[in-house]
Amino acid sequence: MRGSLHAVAFDVAGQHGVIVAEGGAVLADGSAAELAAVMHRAEQAAGEPPRWVWWDAATAAGPIARAGGFLHRCWDLAEAHRLLVGGFDAAQDRVWAVAHGLDPDGAPARRSDDLFDVIDDDSVVIRPDGYLNPVCLQPHWQRANLSEYAALALTVARKQLALLATRERGAGTGASESGAALLCVELTAHGLPIDRPTMELLITEHAGPRPADEAQARQIRADRDRGVLDLLPGRSSIDLRNPVQVRDLLRSLGVQVEDTRAWNLEPYRDTHPVVGALLDWRKDERIATTYGWQWLDGHVGDDGRLRGPWTACDGGAGRMTAGAGLHSLPTPLRPGVAAADGYVLVRADLGQVEPRVLAVVSGDPAFARATAADDLYATVARQLNLERPAAKLAVLAAMYGQTSGPAAEALRRMDRTYPRAMAYLRAAAQRGEAGESVTTYGGRTVPVTNGGDQAHRRAVGRFTRNAVVQGAAAELFKAWALTARNALRPLDAEVVLCLHDELLVHAPAQHAEAAAAAVQESLEAAARRWSGAAPVRFVADLRVIRRWSEAKD
DNA sequence: GATTTCACGTA
DNA sequence: CGTACGTGAAATCC
């Protein structure tokens, strides 16, 4: 990893921070605004810009982002640690231990943040056995020893870089995942632009008007329920929110289902009118309870931005996660996501990303050739001598571990035509079934739970089979998102949503075309870098729109 | 009061 | 006997 490492640390409140260079020199010591100015100058200076190192992005980069700072390259100890060992737990004592080749479960017990039990305990930062003194985990110690705390981050970063260098692409993925965590800080801070009047209209449509008090809320719920209950004369006492009652009711109407989940009920829409009414009621009820007035008040600020917590990776294959409904906003509400006046949204989503990723990670030359087409499944269909729907099913079945049903014959053809891709997936499944972790293309450890019966082991196999594809797709996506973030900065445009294979960018209207071009070029650059110029094509559908809903075909 | 089950939103 | 996560209501556990 080229360029010098500079550590950044803040107190928990984000009031006071330091920048420490390798060798221990303190380059800055003050407020977030002062640090941001120093960092900006360092990035503008001639030569290789520094890579900013921090224990975690939220604490160190949060104050910088809120002060208007913008940084290009970083190293996030928590994200690198998650790559190294898998899972989500990145407590600092474990990060230190893993970086130093020590058993993280052997780390000394943590202390409460209590001044009394540390008085005789803070003489040595690194214990004789190599573990970090637990006192260093305590906010008051970090606040009082900020530059030492930052210097520790540099020590860990160098160790992590050495460990990741033993994995192909490991160091590059560490940088990219670190950048994704920085992007998450910005996503959390900036939020997704919402057209509040439109969103209020849509919520009213599905959940009813904003209730003034609890009595009115009850009345609105009762009104919503009546649409279903009116179809059930004499049964108006049943509780639609109680799955057991609903199941027993449906059984009495001749609808025999194990549970009342929508995909089980959908075939019975025409059996009894109450089934369709119930399914429609559930959609409105979902919006009322999860994406209704409480959600709007709780997560959409006075500035019309929807904010929720973002994480750069989950504890599994490593996809980004988001709260506050940002990853599960119901389609009917998407017209309420809209560019501000004078701005546009650039929506870009990757086409058929998982099979294209499989072509890269498995190095299957025949499968790679299929990615040359805009519609990969059409080419696969020709190569397998199948109809397109059957070919698509076969590819998905291979990646998800489905073995039964109509996919069986198609899977045999896949084996003959794409032996390397299929062997790659099978190897991942076998490792999972044996209770062994898998490593993604970018070098992320995906741990698995050990033991269990055969059904459980099979389930773990399906998980690891999917994780090596889903995880690699997440790595490519984050590399793309981060590249786009940096390229969009000069246009005053910003990424406002990441949705697994879809990017939403908020851009000044006069820079709409330039922003769209930057997103497209970022994909090409990121894919080239990530795939090592493998002969695999990635495609994105790009549109300039005002409302998220306009993107739907 | 905390955890589990059911359900459903997204990819 | 296709994967993941986040959220909320009700049931269940302690």
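Sequence lines set the chain letters: A, B, ... in the order given, protein chains first and strands last, and positions in each chain run from 1.
- As rounded to whole Å, 15 Å separates atom C1' of C:dT3 from atom CG of A:Leu358.
- Computed from coordinates, the A:Gln470 CD to B:dT10 P distance equals 17 Å when rounded to whole Å.
- Under 4.0 angstrom from either OP1 or OP2 of B:dC8 there lies no side-chain N or O belonging to A:Lys283.
- A:Tyr268 is linked by a ring pair (Phe, Tyr, Trp, His ring centres under 6.0 Å) to nothing, counting only residues two or more places apart in sequence or in another chain.
- A donor-acceptor pair is defined here as one N or O able to donate and one able to accept, closer than 3.5 Å; no such pair exists between the side chain of A:Tyr400 and the backbone of A:Val395.
- Look at NZ on A:Lys392: it is 14 Å from C1' on C:dG2, rounded to the nearest Å.
- Within the 4.0 Å cut-off from OP1 or OP2 of C:dA11, at least one side-chain nitrogen or oxygen of A:Asn242 is found.
- In the model, A:Asp375 has a side-chain atom that pairs as donor or acceptor with a side-chain atom of A:Gln352 under 3.5 Å.
- No donor-acceptor contact under 3.5 angstrom links the side chains of A:Glu475 and A:Ser176, judged on distance only.
- Using a cutoff of 4.0 Å between basic side-chain nitrogens and carboxylate oxygens, A:Arg537 and A:Glu524 are not scored as salt-bridged.
- Among the protein residues, A:Leu329 comes within range of the sugar-phosphate backbone only, with heavy atoms under 4.0 Å from sugar or phosphate atoms but none that close to a base.
- Of the side-chain N and O atoms in A:Arg462, one or more sit less than 4.0 angstrom from OP1 or OP2 of C:dT3.
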Could you run down the sub-3.5 Å N/O contacts of the protein with nucleotides 4-6 of chain B?
none

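- Because its NZ or CZ atom is both nearer than 6.0 Å to the ring centre of A:Tyr441 and within 45° of the ring axis, A:Arg169 counts as a cation-pi partner of that residue.
- A:Thr311 meets the side-chain contact (heavy atoms from CB on, under 4.5 Å) test with A:Phe88, A:Thr321; sequence neighbours excluded.
- Contact annotation: A:Thr331 does not reach the phosphate of B:dG9 (side-chain N/O to OP1 or OP2, under 4.0 Å).
- Note on ring orientation: taking the six-membered ring where Trp is involved, the planes of A:His299 and A:Trp295 are tilted (angle from 30° to 60°).
- Counting distance only, with no hydrogens placed and no angle test, the side-chain atoms of A:Arg282 and the base atoms of B:dA7 include no donor-acceptor pair under 3.5 Å.
- No engagement by A:Ala317 is indicated, since no non-hydrogen atom pair under 4.0 Å with the nucleic acid exists.
- In this view, A:Thr417 and A:Gln383, A:Leu384 satisfy the side-chain contact (heavy atoms from CB on, under 4.5 Å) rule, not counting sequence neighbours.
- Put simply, CG on A:Asp248 is 17 Å from P on C:dA10, counting in whole angstrom units.
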Could you list, one pair per line, each protein nitrogen or oxygen that sits under 3.5 Å from a nitrogen or oxygen of nucleotides 5-7 of chain C, together with the distance?
| unit_1 | atom_1 | unit_2 | atom_2 | d |
| --- | --- | --- | --- | --- |
| C:dT7 | OP1 | A:Ala324 | N | 2.8 |
| C:dT7 | O2 | A:Arg286 | NH1 | 3.4 |

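- Side chain of A:Arg305 to main chain of A:Leu192: no donor-acceptor pair is present (N/O by atom type, distance under 3.5 Å, no hydrogens or angles).
- Within a heavy-atom distance below 4.0 Å of DNA chain C, no residue of residues 181-220 of chain A is found.
- Straight-line distance from the CG atom of A:Leu306 to the C1' atom of B:dG9: 14 Å, rounded to whole Å.
- Between A:Leu396 atom CG and B:dA11 atom C1' there is a gap of 13 Å when expressed in whole angstrom units.
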Run the side-chain hydrogen bond (donor to acceptor under 3.5 Å, both in side chains) check on A:Thr483 and A:Arg529 step by step: do they pass?
CA-CA 11 Å; A:Thr483 308; A:Arg529 213 175 333 111; 3.1 Å; yes
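- Taking atom CG of A:Leu278 as the reference point, atom P of B:dC8 lies 8 Å away to the nearest angstrom.
- Around CD of A:Glu387, the count of heavy atoms belonging to other residues, nucleotides or ligands within 6.0 Å does not exceed 12.
- To the nearest angstrom, P of B:dA7 lies 8 Å from CH2 of A:Trp263.
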